[in-house]
Every structure is written in C-alpha cells, then in structure tokens.
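In this text the structure is predicted, and so the values were computed from the model without any measurement. Chain identifiers are assigned alphabetically (A, B, ...) following the order of the sequence lines, protein sequences preceding nucleic acid strands; residue numbering begins at 1 within each chain.
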Amino acid sequence: MSTNTRPVRVRFAPSPTGYLHVGGARTAIYNYFYAKAMGGTFYLRIEDTDRKRYNEAALHDLTRDMKWLGLQWDEGPEVGGDLGPYHQSERLDIYAREVQKLLESGHAYYCFCTEERLEEVRKVQESSGQAVTGYDRQCRDLPLADALARLAAGEKAVVRFKVPLEGVTRFEDQIRGPIEYQNALLDDLVILKRDKYPTYHLASVVDDHYMQTSHVLRGDEWISSTPKHVLLYSAFGWEPPVFCHLPVILAAGGGKLSKRKGAASVGDFRDLGYLPEALVNFLALLGWNPGDDREVMTLEEMIGCFSLDRISPKAAAFDEKKLEWMNGQHIHHKDSNWLADYMRQDLGTVLEGSGIDVDAIPQAKLIFICNLLKTRIHFLKELAESSKYFFIAPTSYDEKAKAKAFGTGSRAITQAVRSQLAGLSLFDHKRIEQGFMDVCTQLDLKLGNLVHPIRLAVSGVAAGPGLFELLEAVGQGEVLRRLDAALPLME
RNA sequence: GGCGAGUUCGUCUAGUGGCCUAGGACACUGGCCUCUCACGUCGGUAACACGGGUUCGACUCCCGUACUCGCUACCA
C-alpha cells in the first residue's frame, strides 16, 4: 500500500473559472474532513494558470461559499501560511526553476512545434485509426544547445516532459487499489506553456511537493493523468503523495450535473433556502458512509468517524428529494432563536406594504412561531412564507376547505367558541384548549367540529400547526376580529 | 478508435466466500398517533447488469461481454 507517515496535509485546489459546483464542494468536504479527522492541515490553493478562463468574480464567490459551508481553510488566500504563495499565478518563478532542473537532467525538452502542426498530426492519427495517439515527439531529441540557440533567435517554444518510451507506471489509489498504465501509451505532455505559465500537471506536482501535501483527494477525471504525475515525481526525485480519486456526482437522471438540470452550485442551494449543514451532510453521504446507519449528522459527528476507506468508487446521482428531507431534518434540529432571526429577515419582504414594523415584532413571538413551524417545512424560506397569517388577517379562505368548514352549523359553533374565547382573561394555548373542551361538552360536539371552522376563519387555510398554539400566537383581540369577519360567510 | 474507472431496490447505500429467504435511508404506499398538515411510529412494494469459470458454497474472487462515465488540449 502506498501509505506514508507524513503529517496529514491536504488541499482543495480549485480553478477560479466559475461557480463552486457541488462536485467540487464535496471534494473540498472530504479534504476538510480528512484533515480534521487526522489532526492535520487543510489548505486552499488557487490554480489560476489558465489566463483565458480566469474569472475574478469566481474567486470571490469561491471563498464566500467555502466559508458558508463551514470549510475554513488553515492556510491559503486571506489567511496566509508558511508555504505560500497560495495562488499559482504568483509562483511562476518556482515553476521556471523546476522546469530548468528537468531540462538539465534530460527529463524535459523544448518543443517548437506549432499548434497547426499538432492539429495536423492529430488529424492523420484519427483518420488512420492508430492505437497510439498524441504528440509524435518530433522535438524530443533536439540537442539542448540547438534549442537554446533557436530560443535566442526569437523562436517560441513550450517545454515537454520526456515520458519513458517503455515500461509501466503503477500507483496505488487509496480507494480503488493498484492501477497501472503502459508508458508507451502516454505522450510527452506539455509542462510549460508558450506564455510561460505551467500546465496543471507541472504546477500541481511542484506545489503538492513544496506545500508538503500528504494526500491528494481529487475528482476521478484525474486518474488518467496520474501516471504522468507519478513519472514527474520520480523525475524530480520526490516521493509522491497518496492518491485518492473521488467518484463524480451525476444529475438525477444520470449524466452531468448542470444548471440546465436545476441547481448545481453551492450558491444555488443557499438561495433556495438550504442550510449549509444539510448540504454538507448530504454531499458527504454521496459516496461515503459512517459505517453504521446514521444519516442525519452534524459536522463534528461526521469528522469524528470520517475515513478514506469508507469512500465508494462509484458515481452517485444527486437526489434532490433526499436533500430536501435532510434539510427538513436539520431545520428541525436548528435552534429556534436562530430560525427566528432568519425568519425576521424574510418577513420584511413577505409583509411588505402591510404596515407592520417587522423590527418591532418581539423575538419571543417569532421563536414561538418557529417552534410551531420547524417540523413542517423543508426550506428556510417557508418560515416567513407560511407564517403570514400570524401577522395579517386572511383576505381569502381556501375554497375547498370552505365548503365543509363554513357549512351548516358552523356559524353557531363559531359564535359559541367566540364567546368562550372572549371570556378568557389569559390567552394561552392551555386555557384556549380548555375553552374548546368546554364548548364541546356544552354543545355535545367533537373537537374536530369546532377546530375546522375556527382554523379556516383565523388562518384562511386548512393545514397548519396545532390550533391552540396558533390562536395563542395570533393573540386574543385579533382572533376575535377574524372570527367576526368570517362569521357572515358561514351558514 | 485507444486507455482507464465504475456496475446491489427508482435514488443514496450496507455487504469484503457461508451471518443474505440481501440490511438501512429517501421517494412511493398501508396503518397508528391526531383538531388539519407535518413530525413521530409500525408495516408494504422494490435490487446483486449478463455469461463463463474458481469453490463444498459466490453479491462477494478470476475472465469475458454489455452499458455508463472519464482521459486521449500549449483547460483544469
């Protein structure tokens, strides 16, 4: 096994080209969990070596989303660290120096081939159906002195790595076991581009070495490049890290996850009203399990039992229904004071134009309402959306429920309940319930006969929290007013 | 085309040769709880891709086939 005894140092190394995708987020989660579980270090490295695709906003969103998820890095942008810089674009001199070493040791060479020629070579290979494709190594044996002379004369070149012509390169993937590749099938990859920026292959190997990375946990699209990386490590005379290739996350119906098929980025889920702890929990379970039947877990619990050998090599489909359920579970466990704060924010827009001063609503009332609502919602935004009637009288009544609840006899019942409630000196759910019971015995009716008309009259809808608590939250005066307003509609 | 990885209920997964007449969860569904809706709870439907081996015995090991995905860039 390719284990090592170095202290655990892992990294999340995104390329700032777009939003933080949930697949990337999960890679970050596993790295973070592993570091924390092992008492190691988790660092963030920005792989901004592609100048064409660089996106300033993406970097900003990335750090924001990482923090929102709760994945604070120990070293990296904003926090610094001893092994920086943590932006690859600031490490160009390091790459140049390392490439120089490879050039001098004969492990790399200058290649003057134009893109047009490479295109031509590729075309010929495709049409002739050759098994071995890739760069034809035209410049591989150019003497270094000649190459230097051409460079001095102003010619442009890239630097390619000299892959051994034969033999096999093996590596041990921590979750898939041994993997081996025939060197003859690998081509001489570019390590330094014409613009002097390194390619991913060179930069990640150099950085992982100098930043003392012990384990590389990355997406499995890198498996095919790993033998090249291993060859690079050995050309440098360095010990490679432990590789662990993570499976991809697929869209619900299979295929790639994309914004076309719904939410795909961390930001999308935040806007939808998902809790970061629910998203992290769900993503972590997509490809990993704690070894027992637990599913709804806190960050600490997951870290406490996290291990690489429980990561599955199999691609997983993103099931938003389950995420929804999980979000509901986390909301249920969330502190009501926190939920009340969140609710107050949304209430501003929900109660827009109602004349209600949201800031003046007592926190205790919002907490009371959150306690009633937290087991029946799946999204945070439902907190404010489904609590409108606690603050504003209904302007219409659910049509379907109306037929029954406001039907024959409902007016008499409502009047009886109204006078009972009006007589209460303290308006709390215990006393309200007792009041309802008293009316039940008086009129010889079942509780359900009273509850339905009253609920509809006060809330306008047929479903919701326990009626007695609901009435307490609305308040005595307002309840009586709403009953009076609905009375004329009853029979 | 070549190379590589993967393949257990619709979905996420447990399972490392006998404990599997395959367990849990989401979804779906029946009951209970109950003032409604949820929550909770008790049940139900539902899977080892296929074909060969190896073995007393295979979901588990080996080979092949099929399918899916990835790589095959001076992108990561």
Side-chain angles (χ1 to χ4, degrees), chain A residues 13-17 47-50 52-53 111 113-115 118-119 122 125-135 156-160 173 176 179-182 185-187 189-201 203-204 218-227 245 247-248 250 252-256 282 285-289 291-296 310 312-326 328-329 332 372-378 386 401 405 433 436 446-452 454-456 459 461-468 470:
Chain A
S15 183
T17 53
E47 310 223 319
D48 52 353
T49 56
D50 185 345
K52 297 183 200 79
R53 297 200 303 153
C111 169
C113 295
T114 61
E115 304 224 34
L118 296 179
E119 186 61 36
R122 208 169 295 135
Q125 287 174 342
E126 269 171 35
S127 58
S128 68
Q130 275 180 253
V132 179
T133 57
Y135 179 54
K156 298 288 184 198
V158 300
V159 177
R160 286 183 183 273
D173 185 282
R176 292 161 211 269
I179 295 177
E180 58 175 56
Y181 278 79
Q182 294 292 327
L185 266 17
L186 271 26
D187 76 342
L189 59 147
V190 170
I191 54 178
L192 198 65
K193 299 184 261 187
R194 203 167 290 254
D195 63 7
K196 303 300 179 199
Y197 275 68
T199 56
Y200 170 86
H201 308 292
S204 70
R218 78 222 309 188
D220 66 7
E221 68 270 24
W222 293 109
I223 292 179
S224 314
S225 319
T226 305
H245 291 98
V248 293
L250 270 18
K256 271 198 188 119
F282 175 75
L285 255 26
L286 228 46
W288 170 81
N289 71 82
D292 52 42
D293 284 343
R294 284 177 299 166
E295 294 212 293
V296 179
R310 297 207 66 85
S312 155
K314 182 194 164 192
F318 194 96
D319 178 6
E320 202 169 337
K321 274 286 179 200
K322 186 155 186 176
L323 207 211
E324 228 180 276
W325 164 79
M326 187 160 274
Q329 294 292 311
H332 186 71
L372 300 182
L373 258 28
K374 70 204 279 192
T375 59
R376 37 204 119 222
I377 60 169
H378 283 160
S386 62
E433 178 169 8
F436 270 75
K446 294 176 97 172
L447 186 59
N449 297 321
L450 319 201
V451 165
H452 300 303
I454 304 301
R455 173 185 296 283
L456 189 63
S459 73
V461 292
L467 183 65
F468 314 128
L470 189 159

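- Interface remark: the A:R455 side chain does form a donor-acceptor pair with the B:rC35 base, using a distance-only criterion of under 3.5 Å.
- At the phosphate of B:rG10, neither OP1 nor OP2 sits under 4.0 Å from any side-chain N or O atom of A:K321.
- Contact annotation for A:V190: backbone-only contact, meaning every heavy-atom pair under 4.0 Å involves sugar-phosphate atoms and none involves a base.
- Within the nucleic acid shown, A:E119 has no heavy atom closer than 4.0 Å to any nucleic acid atom.
- Using atom P as the reference point in both B:rU8 and B:rC28, the two lie 23 Å apart (nearest Å).
- Side chain A:K322 to base B:rA25: a donor-acceptor pair is found below 3.5 Å.
- Heavy atoms of A:S224 sit under 4.0 angstrom from at least one base atom.
- Here B:rG1 is the nucleotide among B:rC37, B:rG40, B:rG1 with the atom lying nearest to any side-chain atom of A:T133.
- Of the side-chain N and O atoms in A:R53, none sit less than 4.0 angstrom from OP1 or OP2 of B:rA76.
- Across all strands shown, B:rC37 remains unpaired; no Watson-Crick or G-U wobble contact has both distances below 3.5 Å.
- Contact between the side-chain N/O atoms of A:K446 and the OP1/OP2 oxygens of B:rU36 is not found at any separation under 4.0 Å.
- Across the strands present, B:rG64 finds its partner in B:rC50; the criterion is a Watson-Crick or G-U wobble pair with both atom distances under 3.5 angstrom.
- Pairing for B:rG70 goes to B:rC3, judged as Watson-Crick or G-U wobble with the two contacts each under 3.5 Å.
- Neither OP1 nor OP2 of B:rU13 sits under 4.0 Å from any side-chain N or O of A:N289.
- Contact annotation for A:P14: no contact, since no heavy-atom pair falls under 4.0 Å across all strands.
- A:G464 comes within 4.0 angstrom of a nucleotide base, judged by non-hydrogen atoms across all strands.
- Between B:rA47 and B:rC9, the distance separating the two P atoms is 9 Å to the nearest Å.
- Counting only heavy atoms from C-beta on, A:Q329 has its side chain closest to B:rC39 among B:rA76, B:rG2, B:rC39.
- Using a 4.0 Å cut-off, some side-chain N or O of A:T49 falls inside it from OP1 or OP2 of B:rA76.
- In terms of phosphate contacts, A:K196 brings no side-chain nitrogen or oxygen within less than 4.0 Å of OP1 or OP2 of B:rC74.
- As judged by a 4.0 angstrom heavy-atom cut-off over every strand, A:K374 is placed among residues making no nucleic acid contact.
- The phosphate of B:rU72 has neither OP1 nor OP2 within less than 4.0 Å of any side-chain N or O from A:Q130.
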